[in-house]
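Input: a single structure, listed below in C-alpha cells.
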Amino acid sequence: MIPVVASAEPRPIDPLAPGRPAYVDDLVRVVRTDGELPRRTLRTVRTEHFDISHEGGRVAIAHRVPLEEVHAGLAELLSREIFGPGWLRGADVFERIMTGIVLTSVDDPLSAWEHFYRTSLRTIEAATDLADSPSAGMHGAVAGYAPVYARAEEVLVGDSVVELGSCFGFFSLRQAGTREVMAIDVSAGSIRLLEQVSAQLGTPVEALTADAAHVPLPDGCADTVVALHLLEHLEPQHGWRVVTEAVRLARRRVVIAVPYEDEPEELWGHVRTLTREDLAAYGLRTGLPFAVEEHHGGWLVLDLA
C-alpha cells in the first residue's frame, strides 16, 4: 500500500475548486492524461485507468477515465482498480480522488459537476432494469442506487420530503419535480454543490447544512422524512438521535434504509453494521407503529399519522 502523509487536519474538500491543469488539495494531486501514456517510474503503480504514485507528501493520481464514465460509477472503478487491491485506503482519500477526477474532466468546475450529475442520473435511471443484477443493492454501485431509490419512492407519502444525509442529493433531485424537497447533509461543500448544480439542471433543490441529529427545522415540517444508507456511517448513539430527529421532523412517515453487510465497508465510510433486529429495536424504541422489510438491504418504516 502506498502511504498517505497528511497534515493533522486536512482542509475540507472544495468541490468547486479549479481542476485544470490539476486538482490539488492537502492529500491528493489529480491530473488527467490524454493520448500516450506517461513514462512509469519504479514507484508508480499502473492500472487500466490510473497511475498511482507519491509526490510531495500527497498521493498523485494520473487518470485516463473517459468523459462518458465520469459519473457515480467512479466509485466502482476506484474500488476495483485502486482501493480493492490495497494500493490506497481510506474514505477521505477516496472522496478526494473522486472529486479530482470530476474536476479534471471538464475545464469549468460547475460544468464538470453538471456533466457528472446528468450522466449519473441517466445511469441510475437506466439501472432500474437491473434490479436483480449481482451489483444491485451494493452500496457505492450505480446499479445499487436504482432499487433503493425506487423502493423509497414507493413508500413516500404526502407532498413534501426531507432527506437526511443527502450526500450528492440524487434522491432529492429525483423528487424535486413532483414534491417539495429539502436535502440535508453535514458537508457544507456537498450542500453548496447540490444547490448550484440543481439550479443548472433546472430542478432547484432547497438544501441545508446540518447534522442529521440536530436539524434547525420545526416539528412536523415534512410529510415524509427519509434517511437512505445513513445510519451505517454513524455510531449507535448518534444513529439513534437521527432516528428521533426524523420522527420529530415528520408529519406522517419516516423511511430508513440500510445496507446489510458482514463487516462495515471502510471505503464507503461505514463504521458499523445493522441487522433486521437492530431496525426492529429502533422501531420498538420509538413507540410508533412500524414495519421492517428487506429489499436490497433493510428498511424501517415508521408511521406517525
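Taking the six-membered ring where the residue is Trp, the centroids of F171 and Y145 are separated by 6.0 Å or more. Under the 6.0 Å cut-off for aromatic ring centres, Y282 and F290 do not qualify, their centroids lying 6.0 Å or more apart. Proximity of the aromatic rings of W87 and F50 is defined here by a centroid distance below 6.0 angstrom, and this criterion is not met.
The number of heavy-atom neighbours closer than 6.0 Å to CD of E206, taken from other residues, nucleotides and ligands shown, is 12 or below. At most 12 heavy atoms of other shown residues, nucleotides or ligands fall within 6.0 angstrom of atom CG in D262. Counting heavy-atom neighbours within 6.0 Å of E263 CD, excluding the residue itself, gives a total of 12 or less. The local environment of CD in Q200 is crowded, with over 12 non-hydrogen atoms from other residues, nucleotides or ligands closer than 6.0 Å.
Grouping the Ile, Leu, Val, Met, Phe, Trp and Tyr side chains by contacts below 4.5 angstrom, directly or via other members, places V70 with F170. No path of Ile, Leu, Val, Met, Phe, Trp and Tyr side chains, each step under 4.5 Å between heavy atoms, connects V186 with L194, placing them in separate hydrophobic clusters. V247 is connected to V215 through a chain of hydrophobic side-chain contacts under 4.5 Å among Ile, Leu, Val, Met, Phe, Trp and Tyr, so both are in one cluster. Residues Y260 and V271 do not share a hydrophobic cluster, clusters being chains of Ile/Leu/Val/Met/Phe/Trp/Tyr side chains in contact below 4.5 Å. Taken together through direct or relayed side-chain contacts under 4.5 Å among Ile, Leu, Val, Met, Phe, Trp and Tyr, L156 and L228 form part of one hydrophobic cluster.
Contact annotation: the side chain of T286 never approaches that of T244 to less than 4.5 Å [non-hydrogen atoms, C-beta and beyond]. Side-chain contact between Q196 and L110 is present, with at least one heavy-atom pair separated by less than 4.5 Å. The shortest side-chain heavy-atom distance between V205 and V197 does not fall under the 4.5 Å cut-off. Under the 4.5 Å side-chain criterion, counting only non-hydrogen atoms from C-beta, L302 is in contact with L300. With a 4.5 Å cut-off on side-chain heavy atoms, I61 and V31 do not count as touching. Using a 4.5 Å heavy-atom threshold, the side chains of I97 and L78 count as touching. Annotation: side chain of I256 is not in contact with side chain of V226 (no heavy-atom distance under 4.5 Å). Put simply, the side chain of P259 does not reach to within 4.5 Å of the side chain of T273, judged on heavy atoms.
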query = Going through the distances and angles, do D34 and R32 end up as a salt bridge (Lys or Arg N to Asp or Glu O under 4.0 Å)?
reply = CA-CA 7 Å; D34 296 307; R32 180 182 182 88; 3.2 Å; yes
request  = Take L217 and L208 through the side chain to side chain contact (heavy atoms under 4.5 Å, CB included) test and state the conclusion after the steps.
outcome  = CA-CA 10 Å; L217 292 175; L208 175 67; 4.2 Å; yes
Side chain to side chain contact (heavy atoms under 4.5 Å, CB included) evaluation trace for H229 with W268 = CA-CA 10 Å; H229 288 207; W268 314 129; over 6 Å; no
ask   = Please walk me through it: do R29 and Y23 pass side chain to side chain contact (heavy atoms under 4.5 Å, CB included)?
value = CA-CA 6 Å; R29 182 178 188 274; Y23 168 80; over 6 Å; no
task = Given salt bridge (Lys or Arg N to Asp or Glu O under 4.0 Å), test E154 with R151 step by step and report yes or no.
result = CA-CA 5 Å; E154 288 174 358; R151 179 56 184 159; 2.8 Å; yes
key: Trace of the side chain to side chain contact (heavy atoms under 4.5 Å, CB included) decision for V106 with L67   = CA-CA 8 Å; V106 177; L67 183 60; 3.9 Å; yes
request  = Under the salt bridge (Lys or Arg N to Asp or Glu O under 4.0 Å) rule, what do E114 and R118 come out as? Steps first, then yes or no, please.
outcome  = CA-CA 6 Å; E114 182 181 350; R118 288 189 185 278; 3.0 Å; yes
request  = Please test E245 against H214 for side chain to side chain donor-acceptor pair (under 3.5 Å), starting from the C-alpha separation and ending with a verdict.
outcome  = CA-CA 7 Å; E245 189 71 339; H214 303 282; 5.8 Å; no
request  = Please lay out, stage by stage, how R272 and E232 fare under the test salt bridge (Lys or Arg N to Asp or Glu O under 4.0 Å).
outcome  = CA-CA 5 Å; R272 61 167 172 154; E232 66 273 14; over 6 Å; no
key: Derivation and outcome, side chain to side chain donor-acceptor pair (under 3.5 Å), residues S160 and R251   = CA-CA 10 Å; S160 58; R251 282 193 294 271; 3.1 Å; yes
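Residue V30 comes nearest to G100 through the heavy atom pair CG1-C, 3.7 Å, listed as atom of the first residue, atom of the second, then distance. Between A210 and P216 the shortest heavy-atom distance is CB-CD, 3.8 Å. When all heavy atoms of R58 and V28 are compared, the pair lying nearest together is CD-O, 3.7 Å. Residues F94 and L267 come closest through the heavy atom pair CD1-CD1, 3.3 Å. Across L74 and M98, no two heavy atoms sit closer than the pair CB-CE, 3.9 Å. Heavy-atom minimum distance, G158 versus R179: O-NE, 3.1 Å.
Test R64, E81, H63 against H49 for side-chain hydrogen bond (donor to acceptor under 3.5 Å, both in side chains) and you get one pass: E81. R253 pairs in a side-chain hydrogen bond (donor to acceptor under 3.5 Å, both in side chains) with only one of the listed residues (D223, T224, D303), which is D303.
One finds the CZ atom of R192 at 5.0 Å from the CG atom of D14 (value rounded to the nearest 0.5 Å). Here L231 contributes atom CG and L279 contributes atom CG; the two are 7.5 Å apart, rounded to the nearest 0.5 Å. Between the CD atom of E180 and the SG atom of C221 there is a distance of 9.0 Å, given to the nearest 0.5 Å. Note that OG1 of T209 and CD1 of I191 are 5.0 Å apart. Values are rounded to the nearest 0.5 Å. To the nearest 0.5 angstrom, R46 atom CZ is 12.5 Å from E48 atom CD. Interatomic distance, I184 CD1 to E163 CD, rounded to the nearest 0.5 Å: 9.5 Å.
Although no hydrogens or angles enter the test, the distance criterion places no donor-acceptor pair under 3.5 Å between the side chain of R20 and the main chain of D108. In this structure, S79 contributes its side chain and G84 its backbone to no donor-acceptor pair below 3.5 Å. When atom types are taken as modelled, the side chain of D219 and the backbone of L249 share no donor-acceptor pair closer than 3.5 angstrom. Between the side chain of S172 and the main chain of G169, no donor-acceptor pair closer than 3.5 Å is present. Looking only at distances, no side-chain donor or acceptor of R11 sits under 3.5 Å from a matching main-chain atom of D25.
A perpendicular orientation is assigned to the rings of W113 and F116, their planes being inclined by more than 60° (bins at 30° and 60°). Ring geometry, H233 versus H270: the interplanar angle exceeds 60°, so the pair is classed perpendicular (tilted spans 30 to 60°).
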